[in-house]
Amino acid sequence: MRKVSMSLMLAGLLMATSCVNSSKNANQSENLTEQQKPATEIEQVQQAQVQRAAFIPTESTPDFVDAAERSVDAVVHIMTKVVRQSTTYNDFFGALLGQLYGYPGQTRNNTMVAYGSGVVLTPDGYIVTNNHVVEGADEVEVTFNNKVKKTATIIGTDPTTDLALIKVDASDLEYLTFGDSDNVRIGEWVLAVGNPFNLTSTVTAGIVSAKARNLSILGEGTSVESFIQTDAAVNPGNSGGALVNTKGELVGINAAIASHTGSYEGYSFAIPSNIVRKVVDDLLLYGTAQRGYLGVQIAELTQELAEKEGLENIEGVYVAEVTEGGAAKLAGMKSGDVITAIAGKKVNTTTQLKESIGQYRPGDKVEVEVNRNGSHHRYELTLLNEAGNVDVVKKGDSFFNSEFGLMLQPINQNDMSRLDIQSGLKIVEIRQGRFMNSGVPVDFVITKVNGITVNSKSDLENAQKSSRSRRTTIEGVYPNGMNATFYYSK
């Protein structure tokens with residue numbers, strides 16, 4: 001403030017001095033001829049400088065007020081509770097035996113509380129958020145901008161996109177409508193709305209800094225990462241909140257920040273709304289996400305790869321391999337092709353390709369444009385699911401085992417080939433039970449229980465009953481192919 005005051009004072013002195021000088025010059029000029037009069041008047045120069053300091057709003061100045069007002073009541077605060085059992089032992093040998101064989105000691109419940117945000121999508125209470133906000137939660141509580149609290153039910157989750165759909169019992173709620181994230185442009189103004197550090201209904205502004213950003217935070221394989229990068233301030237607690245355009249349309253779900261400290265450092269990332277809309281529809285209709293596959297192994301087309309393969313340019317995504325029986329193979333595509341567009345939209349990175357295909361389901365027809373040795377081809381593909389057909393995968397195909405605390409589903413043919421196994425049950429969700437604190441991850445495949453091969457709900461239940469001792473043996477395979485055996489006591 002002192003610097004500002006001094007500047008104003010100095011400006012006043014300069015203007016006063018100019019006025020005095022101009023007055024003296026005016027008196028002297030009465031005795032001069034026209035040729036002798038000065039050509040420049042200081043008073044006019046000083047006046048022009050003062051005018052340039054003024055700010056005049058224009059029609060192009062962005063107005064965030066309407067977008068903010070439409071958003072704050074449709075973005076909710078989410079609190080989750082996770083109850084975990086911990087075991088204590090009375091002596092060293094008890095602890096050692098527990099680690100080796102799972103002999104129970106004294107157990108107690110530890111409750112972990114976490115916070116995040118969510119976006120209301122319908123007036124009757126469907127809310128989208130991040131999977132990591134509600135993953136493993138035993139309780140989910142939603143607080144609206146008017147301070148009303150409601151208990152929510154988890155409808156479905158999709159770890160491969162980090163999205164989840166929850167539901168509260170309500171009516172006439174404020175909600176956001178979807179915008180088209182494909183039309184979002186770099187440099188466009190956006191607002192991030194959420195609850196950072198439990199500061200409810202917080203709105204920050206920024207621009208779209210980049211699109212189709214892959215952070216490799218969801219793992220490899222079937223995950224879809226194609227984030228919208230912005231410089232709108234996002235902090236812990238914003239996860240699951242809204243990214244809206246100046247019209248108040250939902251163009252993304254805030255999910256991550258790039259930071260060395262854990263707090264905002266200028267980079268925030270949101271899941272594009274077109275992916276959100278598709279996954280939400282899947283969870284609502286089928287209880288699980290439907291994923292369509294081209295049936296290709298792809299690689300980033302770099303200058304080095306282009307030179308190695310004799311390609312004239314580096315535009316597009318390189319097809320390293322075409323899967324037998326896959327959609328691409330059936331349509332006529334070949335290894336070495338370069339995919340340049342999906343459904344008429346150009347793709348130049350593997351991330352863009354995954355985002356484009358991630359908006360479709362098995363059975364959908366998609367036009368793929370390909371550059372093959374300088375000649376252009378168009379193919380209409382029918383996308384297939386992971387099992388190689390167009391069947392819809394329903395949540396009912398999975399089942400819950402209360403003793404293990406696991407949601408399981410029979411392994412598909414692709415996973416069998418990849419892991420070199422003949423059968424098994426893949427873990428799709430871990431809840432309260434034997435596996436809660438075991439360190440075994442989602443996607444771990446249980447192949448045998450008590451030496452009995454398991455590939456269905458009845459197989460598992462029969463295997464669990466077969467043990468004549470207090471110890472149960474579980475054999476399986478990690479997602480990376482490493483075998484493991486676990487033991488626990490009943």
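Bear in mind the structure is a predicted one, so any value in this text is a computation, not a measurement.
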Candidates Leu353, Val347, Thr349 - the one meeting side-chain contact (heavy atoms from CB on, under 4.5 Å) with Ile298: Leu353
Nearest heavy atoms of Ser226 and Pro272, plus distance in Å: O-CG, 3.0 Å
NZ/NE/NH1/NH2 to OD/OE distance under 4.0 Å, Lys81 and Asp138: no
N-O pairing of Asp66 and Arg70 below 4.0 Å: no
Exercise: identify the closest heavy-atom pair between Thr204 and Ala233: OG1-O, 2.8 Å
Side chains of Asp231 and Tyr264 in contact at under 4.5 Å (non-hydrogen atoms): yes
Distance in Å, Ser263 OG paired with Ile257 CD1, rounded so as to fall on 0.5 Å steps: 6.0 Å
Side-chain (Ser273) to main-chain (Gly179) donor-acceptor, under 3.5 angstrom: yes
Exam field: side chain Asp282 to backbone Gln290, donor-acceptor pair closer than 3.5 Å: yes
Rounded distance [0.5 Å steps], OG1 in Thr122 versus CG in Leu284: 8.5 Å
Between NZ on residue Lys278 and CZ on residue Arg291, distance to nearest 0.5 Å: 6.0 Å
Arg418 side chain to Asn480 backbone, donor-acceptor under 3.5 Å: no
Test item: Thr302 side-chain N/O and Leu305 main-chain N/O as donor-acceptor pair under 3.5 Å: yes
Plane angle bin for Tyr115 and His77 - parallel if under 30°, tilted between 30 and 60°, otherwise perpendicular: tilted
Shortest non-hydrogen contact from Ala170 toward Lys150: CB-CE, 3.9 Å
